[in-house]
Structure formats: C-alpha cells, structure tokens
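The chains referred to below are lettered A, B, ... by the order of the sequence lines, with proteins before strands, and numbering in each begins at 1.
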Amino acid sequence: MNFIVAATKKAIKHLYNTDIAADDINLQETRKEFDGQVTIVTFPFTKFSKKSPEQTGNEIGAYLKDELTEVSGFNVIKGFLNISLSDDYWLDQLKEEVLSPGFGVFKPNGQKVMVEYSSPNTNKPLHLGHVRNNLLGFSVAEILKAAGYEVIKTNLVNDRGIHICKSMLAWQKWGDGETPELACMKGDHLVGKYYVLFDREYKVQIEALKAKGQTEEEAKKNAPLIREAQEMLQKWEAGDKQVIDLWKKMNAWVYTGFAETYKNLGVSFDKFYYESDTYILGKDIIEEGLEKGVFFRKEDNSVWIDLTDEGLDQKLVLRSDGTSVYMTQDLGTAQLKYNDFHMDKSIYVVGNEQDYHFKVLFTILKRLGKPWAEGLYHLSYGMVDLPSGKMKSREGTVVDADDLMDEMEQTAKEQTEAKGKLDSFSAAEKERLFHIIGMGALKYFLLKVDPKKRLLFDPNESVDFDGHTGPFIQYTHARIRSVLRKAAEINANAAKSYRQLVKEERDLIVLLLRFPEIIKESAKGYSPAVIANYVYELAKTYNKFYHQISILSADDEPSRQFRLQLSDAAGKAINKGMKLLGIEVPERM
RNA sequence: GCACUUGUAGCUCAAUUGGAUAGAGCACCUGACUACGGAUCAGGAGGUUAGGGGUUCGACUCCCUUCAAGUGCACCA
C-alpha cells in the first residue's frame with residue numbers, strides 16, 4: 001500500500017503545494033458497508049487545502065485515479081476517501097504475495113531474542129495460571145520466529161528454597177517411602193500432595209500455639225514445622241548429603257511429571273536454567289554498582305538503590321549479612337543469560353503481580369549502563385480467576401493443568417462423537433483428533449484474550465466449541481481440506497485466465513494479504529490475541545465465501561480452478577496462523 | 001495510605017493505536033441442507049463504552065476527577 005501513500009504525497013504537493021510526511025497519511029481498511037478496499041482520512045488535509053473534507057477527498061481521489069492504473073474508482077463520504085483497486089491489482093498481489101512459498105514468514109532479521117516462560121516451582125503441579133503462561137510464552141516465541149527473529153526459549157526453574165523444603169520435610173515425616181510408582185501418581189502431583197500436607201499440619205501447630213497465648217505472627221515463626229523446614233534449607237545450602245539426595249530424588253519425580261504436562265501442552269524449551277545454580281549470582285554486580293555509585297551501603301552494611309527520583313522506592317539489593325535477595329539473583333541471572341547468548345531482546349513472561357519487581361530490575365540494569373538493558377521486556381499477563389476468586393495451591397482451590405486437559409479431551413470426544421463423522425477413523429486417529437480439538441478449544445480460549453487482561457474461568461461452564469472458538473477455525477480448515485481432496489488436482493495455469501472477481505473472492509484476498517502485517521503487529525505487541533482474532537476473521541470470511549458461491553461446481557473451469565486455489569491459500573494461512581498459537585488443525589474432524 | 005493495571009450488549013471478547021452509524025461469539029427469536037462438511041450460513045433483538053468534566057474537525061482510545069475490581073508496596077521468592 002506504500003504506492004498509495006507515495007501518490008497521495010504527490011497529490012497533496014501538486015494540489016495544495018504542501019509537503020507532508022508519510023506518517024501523516026492515515027490509511028485504513030475500508031469499512032465493509034462502503035465501496036472500496038482502502039480509505040484515506042482527509043480531515044487533516046483541510047488545514048492546507050482550505051476546502052471542505054468532501055472537496056479535498058474528491059480532488060485527491062481524482063488525482064489518484066488519473067495517476068495510478070491500479071485505482072479503478074473512488075467515493076467520498078465526509079472526510080473519508082474510499083478507493084477501489086482493480087481486480088488486476090488484487091490478482092497480482094495474490095499471485096506475488098499470498099501464493100508465494102514464503103508467505104507468512106519473514107526473512108531472518110539478524111536479531112536474537114530470548115523468551116523466558118513457564119518458570120515453575122518444583123513443589124507442586126502446574127495449574128491453569130501456569131497454562132496461560134506456557135501458552136503465551138510458546139506462542140510469542142513462534143510469532144517472533146515468524147517475524148524473523150532467532151528465538152531462544154528458556155525455562156528458569158525455581159527448584160530450591162523454603163517452599164521446596166516444605167514438601168521434602170512432609171514426605172520425610174509422613175511419606176513412609178511413597179513413590180510415584182507406588183502411589184500410581186504423577187511425580188509432581190505426589191510432591192504437591194506433601195506440600196499441601198505440610199501446610200495443613202503447619203496450620204494446626206499455629207492454632208495450638210495461638211491457643212497458648214502467642215500472637216499469630218509469633219506462632220507462624222515458632223511453629224516446630226517451619227523451624228525444621230528452615231533448618232533443612234540451611235542444610236541444603238551447606239551441601240548436606242542426605243538433604244541433597246532427598247532434594248534430587250523428589251525434584252526428579254517432579255521433572256518427569258512436568259515433562260508429561262509440557263508434552264501435552266505442546267510446549268518446549270531450548271535451555272533450562274535452575275535457581276539452585278543461579279541463586280548465588282549477582283554479588284559481583286552489587287560490587288560493580290557500588291563502584292559506579294549506583295548503589296549505596298547503609299550503616300548496617302546492607303546495600304540499596306534509591307529510585308525515588310523516578311517515583312519508585314528505595315530498594316534493597318543485598319542483605320546486611322551479605323546474602324542475596326530475589327533482586328540480587330535476578331540481576332545476576334540477567335547477566336548470565338546475556339553472557340550465554342548475547343541476545344538483542346529478552347522477554348520475561350511473568351504475571352502482573354511482579355510488575356514492580358521488573359520495573360525496578362530493568363531500571364537498575366539501565367543505570368548500571370548495561371547496553372543490553374534496553375532490550376528487556378516484561379510480558380506481564382493478568383491472573384486467571386475463578387468465579388470464587390483467586391486460585392490458591394495451598395487451599396486446593398486450583399484448576400489443575402493435567403485434569404483440565406483431560407476434561408477438554410473428554411468434552412471434545414463427546415462433541416465429536418455426537419456429530420457421527422468418525423466412521424473411517426482408527427482408534428488411534430480418534431484419540432489424536434480428540435486431543436487436537438480439546439487442546440484447540442482450550443488454547444484458543446486462553447490466547448484470544450489480550451494478555452494483560454485478567455481472565456475469568458468458570459470450571460462449571462465448559463469451554464465453547466461453537467462460534468468464536470478454536471474448533472470453529474479447525475472445522476473451517478477441515479472443510480477446506482475436504483473440498484480440495486474432492487478436487488483432486490489444482491491447475492494453477494487454468495486459474496491464471498481468471499479476471500473478474502466477485503465480492504466474496506476479493507474480500508478473501510484482501511484479508512489474506514493482511515496476514516504479514518498482522519504477524520508484525522502481534523510480534524511488536526507480544527500479543528497472540530492479535531493473531532487469534534485475525535485467524536477467526538479469516539475463517540469467518542472463508543465460510544461466507546464458501547456458502548455464497550460454488551467452488552467445485554462453478555460455472556466454468558477457470559472459476560473453479562481459481563476458487564480452489566484461493567481455498568488452498570486460505571487453508572494454508574489458517575494453518576500457519578493457528579501454528580503461531582501452538583494449535584494444530586486437522587484434515588478431517 | 002501510595003503506586004500500577006483493568007472497567008465496552010445479560011455473559012465472554014474486538015475495535016487498524018485519535019477516525020465513519022462501537023463490531024463478533026454465546027444465550028434468545030426467525031429463516032437456509034434429496035449436502036463442494038449444518039462444529040456452517042443469512043437475518044432480528046440487545047449499548048449513555050462505569051459516572052462527570054476537559055483537549056479538537058473527531059474520543060472507547062489522550063488529560064483531570066469520582067466510583068468499582070484486581071495486584072503490588074518484606075533484609076520472602
């Protein structure tokens with residue numbers, strides 16, 4: 001569309017003797033209730049045209065029609081100049097862009113980006129909140145790849161700390177040697193069970209102490225269980241063999257469980273970082289910051305940074321006893337990641353409860369003069385809430401990731417079997433299809449919403465399979481494939497003689513041509529929702545096309561071939577778009 | 001208390017980043033299959049964009065303010 005902007009610049013120079021920046025020309029898609037495909041907003045031009053918006057539009061429109069063979073007509077409504085482009089133009093675009101093999105994938109841009117996501121704790125299984133995180137991270141990585149970046153997906157596993165010791169301690173006390181095999185339980189669920197058990201017993205102890213006259217705060221600090229857990233953490237840090245062995249054993253259970261969940265979710269990683277390795281990092285950065293005068297030391301020897309001039313607080317970066325806090329290790333880890341990969345950008349997919357933390361983290365790194373700090377970005381997403389409120393692992397009010405996926409597949413099975421179209425499927429094919437559809441519904445449901453918004457999930461209301469959903473789009477794909485199977489072969493040469501477009505064809509071409517810009521937009525905003533809404537729009541537009549005009553029994557062979565080709569292009573774009581969301585599309589369903 | 005985020009149809013979400021009469025889906029009502037796949041399509045009804053002020057040719061979008069919801073403000077991670 002650049003040629004229209006350029007010609008409009010010329011028109012304004014010629015008509016009104018004014019130079020205007022390309023950015024000041026506002027091009028948009030013509031609304032579907034008006035004729036045309038491209039619209040120029042002419043209100044801003046009246047300043048120098050000294051004429052009404054209508055007259056300005058008419059003058060520019062007439063100029064463009066004269067100058068550009070691609071412009072076949074125009075109309076003006078108020079300050080909107082609606083331009084129609086010729087069928088030849090659209091057919092050329094279809095051939096050169098949409099039908100070229102590389103459509104929907106940008107050439108490598110030479111930039112490297114890291115996407116850190118998932119980042120689970122190893123003391124409990126994944127829940128719906130993690131699911132949103134994982135799907136977002138994976139999808140954003142795919143989108144950035146399509147936009148031309150080299151992507152490194154990382155997972156920073158929180159595998160140490162007091163919360164891990166809680167499950168370990170509970171298992172040691174009451175586990176009686178239980179293993180995932182003996183319990184017939186996924187390892188992460190088994191460990192989670194002991195985490196919950198710890199919390200229950202801990203609460204009993206707190207109540208007992210309170211009954212003896214201690215305050216809530218005292219009781220929480222003095223309960224024998226929490227003291228034991230703290231001792232265990234100290235032993236872990238000291239490298240006590242027994243504790244380390246137990247830690248390794250239980251973490252291994254968890255990793256086996258996570259691997260299964262990740263596989264079902266369809267997500268993967270290029271590099272794992274473990275906090276047991278990284279928690280000691282960052283102290284050299286503290287030294288560096290002190291030398292540079294970015295940090296200051298208080299009398300008690302603790303180290304701080306003063307960010308009050310930016311509307312933030314003073315923030316502790318090292319304890320008075322010289323040990324690390326969260327910020328310390330994140331500073332160190334950021335440096336480690338950069339040393340490992342020298343990436344241009346680094347995306348942290350982390351919930352919005354940590355907005356402040358990342359604001360501070362990035363500010364500190366910038367003040368330290370790290371040139372790569374400009375490329376850091378916190379992809380902050382909203383919490384997933386239940387109708388009852390927030391999910392809490394310890395209180396058991398969570399939607400478990402594995403259970404949820406099972407339920408989705410089960411629902412997909414019921415829905416699909418009710419349609420009765422599976423006669424030719426083998427048992428294995430059916431299982432695979434139920435997985436594809438169930439996960440398609442779930443993933444689309446979670447990804448179509450703008451990441452920064454909080455998400456409400458009602459477990460009692462099943463995720464829809466009709467309308468604005470994953471299965472709707474998957475169905476459209478299956479339907480396209482069905483048509484193409486029946487057509488057997490597409491003759492691209494026959495399609496070339498096609499010239500006169502009908503509205504439904506043109507609408508589809510116009511929309512298909514937007515795909516690359518949509519990828520750019522979603523990559524820029526780190527938002528899979530942009531892709532999700534586009535693919536839905538595309539599927540809807542195809543369905544309209546499909547219902548409105550005949551494909552296989554078109555009036556003449558060129559029409560038939562052209563429409564088959566267009567169907568093929570739409571199917572491929574749907575497939576690519578869904579792939580960017582991490583959603584598979586079936587050939588039949 | 002301070003800071004950040006959010007508020008759009010009964011419900012779940014859009015709105016080309018300041019542009020036309022604010023669009024979809026679900027639910028509700030009416031139509032379309034001796035079939036290129038009805039998990040579809042065509043149509044109807046449903047709105048003071050939380051309230052109020054301002055900026056301008058033009059505001060869901062920007063500014064101020066009130067209200068509501070969420071999150072954060074540890075020598076926890």
Using the [atom1] atom in both, what is the distance from [N] to [M], to the nearest Å?
| N | M | atom1 | result |
| --- | --- | --- | --- |
| G31(B) | C63(B) | C1' | 49 Å |
| U40(B) | C33(B) | C1' | 11 Å |
| C13(B) | A9(B) | P | 11 Å |
| A59(B) | A3(B) | P | 29 Å |
| U8(B) | G51(B) | P | 10 Å |
| G52(B) | C60(B) | P | 13 Å |
| A45(B) | C29(B) | P | 16 Å |
| U71(B) | U30(B) | C1' | 46 Å |

Is it true that the side chains of [X] and [Y] contain a donor and an acceptor less than 3.5 Å apart?
| X | Y | value |
| --- | --- | --- |
| Asn352(A) | Arg454(A) | no |
| Thr476(A) | Asn543(A) | yes |
| Ser167(A) | Asn123(A) | no |

Find the partner of [N]: check Watson-Crick (N1-N3 plus N6-O4 or O6-N4) and G-U wobble (N1-O2, O6-N3) distances, both under 3.5 Å, and reply none if neither fits.
| N | result |
| --- | --- |
| G18(B) | none |
| A3(B) | U71(B) |
| C60(B) | none |
| A24(B) | U12(B) |
| G43(B) | C29(B) |
| G37(B) | none |

Problem - Flag, side chain of Thr328(A) to backbone of Val317(A), donor-acceptor distance under 3.5 Å - result: yes

Could you tell me whether [X] contacts a base, only the sugar-phosphate backbone, or nothing, with contacts defined as non-hydrogen atoms closer than 4.0 Å?
| X | answer |
| --- | --- |
| Leu312(A) | nothing |
| Gln329(A) | sugar-phosphate |
| Asn82(A) | base |
| Glu29(A) | base |
| Asn121(A) | nothing |
| Asp321(A) | nothing |
| Pro53(A) | nothing |

Hey, is [X] stacking on [N]? Ring centres under 5.5 Å, planes under 30°.
| X | N | result |
| --- | --- | --- |
| Phe472(A) | A39(B) | no |
| Phe80(A) | A20(B) | yes |
| Phe43(A) | G19(B) | yes |

Take the angle between the ring planes of [X] and [Y] and call it parallel below 30°, perpendicular above 60°, tilted in between.
| X | Y | result |
| --- | --- | --- |
| His468(A) | Tyr536(A) | parallel |
| His357(A) | Tyr326(A) | parallel |
| Phe272(A) | Tyr274(A) | parallel |

Test the [X]-[Y] pair against the cation-pi criterion, namely NZ or CZ under 6.0 angstrom from the six-membered ring centroid and within 45° of the ring axis.
| X | Y | result |
| --- | --- | --- |
| Arg514(A) | Tyr534(A) | no |
| Lys337(A) | Tyr348(A) | yes |
| Arg132(A) | Tyr381(A) | no |

d([atom1], [X]; [atom2], [N]) in whole Å:
| X | N | atom1 | atom2 | value |
| --- | --- | --- | --- | --- |
| Lys124(A) | A77(B) | NZ | P | 15 Å |
| Phe445(A) | A39(B) | CZ | C1' | 18 Å |
| Lys453(A) | G70(B) | NZ | C1' | 14 Å |
| Tyr536(A) | A14(B) | OH | P | 13 Å |
| Lys448(A) | C13(B) | NZ | C1' | 5 Å |
| Ile480(A) | C41(B) | CD1 | P | 12 Å |
| Asp385(A) | U6(B) | CG | C1' | 12 Å |
| Asn533(A) | C13(B) | CG | P | 12 Å |

Report yes if a side-chain nitrogen or oxygen of [X] is closer than 4.0 Å to either non-bridging phosphate oxygen (OP1 or OP2) of [N]; otherwise report no.
| X | N | result |
| --- | --- | --- |
| Arg319(A) | A77(B) | yes |
| Lys78(A) | U21(B) | yes |
| Arg31(A) | A20(B) | yes |

Any donor-acceptor pair under 3.5 Å between the side chain of [X] and the base of [N]?
| X | N | value |
| --- | --- | --- |
| Asp313(A) | A74(B) | no |
| Thr469(A) | A39(B) | no |
| Thr39(A) | A20(B) | yes |

Completion exercise
Residues passing the side-chain contact (heavy atoms from CB on, under 4.5 Å) test with Ser119(A), sequence neighbours excluded, are Glu116(A), Asn155(A), Leu156(A)

Exercise for the section: Hey, which sits more toward the 5' end of RNA chain B by its nearest nucleotide, Ser302(A) or Ala412(A)? Expected result: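 By nearest-heavy-atom nucleotide position, the 5'-most residue is Ala412(A).
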
Problem - Earlier contact from the 5' end, RNA chain B, for Val325(A) and Ile77(A) - result: Ile77(A)

Completion exercise
Given protein heavy atoms under 4.0 Å, the one-letter contact record of nucleotides 27-37 of chain B, with B base, S sugar-phosphate only and - none, is simply ---------BB

As a test of reading the structure: which of [options] is closest to the side chain of [X], going by heavy atoms?
| X | options | result |
| --- | --- | --- |
| Asp464(A) | C41(B), C26(B), G23(B) | C26(B) |
| Glu275(A) | A77(B), C26(B), G19(B) | A77(B) |
| Gln28(A) | G72(B), C41(B), U16(B) | U16(B) |

Exercise for the section: Classify the glycosidic conformation of U49(B) as syn or anti, calling it syn when the angle lies within 90° of 0. Expected result: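 In terms of base orientation relative to the sugar, U49(B) is anti.
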
Problem - Glu33(A) CD: over 12 foreign heavy atoms closer than 6.0 Å - result: yes

